[in-house]
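Step one of this worksheet: look at the structure below.
One-based numbering along the sequence shown. Order of listing sets the numbers, starting from 1, for every ligand and every atom in it.
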Amino acid sequence: MRKETIVDLLHTHGLKATSSRIELLSRMHDYPSAIPYSKLQQHLAFVDRVTLYRTIEALVEKGLIHQAYREQSEIYYALCDKNCNPGSHHDEHIHFKCKSCGMVQCLTLREEIQISMEGHELQGLDIRAEGICSDCKEVPL
Ligand SMILES: [Zn+2]
Ligand SMILES: [Zn+2]
Ligand SMILES: [Zn+2]
């Protein structure tokens, strides 16, 4: 993604285009799947932990990225679709973790999931799945 596009994206989501935000988004865009926090730390070694934490928080809050997967030692982040807005996320897809290569992917659902929860209002959905991804399945053992 071009730097100008990222700057635009930040502005339309009400954020200033700081170097750490630009760097983080461009790294995430180049990464083939949801990016682990440890990778972000490596790429953004020029900022301290607190700044990195706040950078992520701001991007999540403004609907640019979302937490895709969480494990004891790692958190994965993914870029949001266009339909996420400041204050509201609509990432109603499956987060799939491959047990072989460890990649976490956002998988769009072919059909809308219908969930009835009597008396409750659904505001978000977080579906986690694990298995073997299509790339790993193709490799003969
Ligand atoms: Zn989102
Ligand atoms: Zn895999
Ligand atoms: Zn996702």
Exercise. Any N/O/S atom of Cys84 sitting less than 2.8 Å from the Zn ion (ligand 1), backbone or side chain?
Worked result: yes

Exercise. What do you reckon, are the aromatic ring centroids of His93 and His95 less than 6.0 Å apart?
Worked result: yes

Exercise. Once the angle between the rings of His66 and His89 is folded into 0 to 90°, is it parallel (under 30°), tilted (30 to 60°) or perpendicular (over 60°)?
Worked result: perpendicular

Seminar exercise, completed: Among N, O or S atoms, His89 approaches the Zn ion (ligand 1) most closely through ND1

Exercise. How far does CE of Met28 sit from SG of Cys80, to the nearest 0.5 angstrom?
Worked result: 8.0 Å

Exercise. Where the side chain of Arg128 meets the backbone of Arg70, is there a donor-acceptor pair that is under 3.5 Å apart?
Worked result: yes

For this session: Measure from the side-chain N and O atoms of Asp48 to the backbone N and O of Val50, and report whether any donor-acceptor pair falls under 3.5 Å.
Result: yes

Exercise. Mind checking whether the Zn ion (ligand 3) has an N, O or S of His93 under 2.8 Å?
Worked result: yes

Exercise. What is the SG(Cys101)-the Zn ion (ligand 2)-SG(Cys136) angle, to the nearest 10 degrees?
Worked result: 110°

For this session: May I ask you to check if any N/O/S atom from Cys80 comes under 2.8 Å of the Zn ion (ligand 1)?
Result: yes

Problem set entry | Nearest to the Zn ion (ligand 1) - the N/O/S atom of Asp91, by atom name | OD2

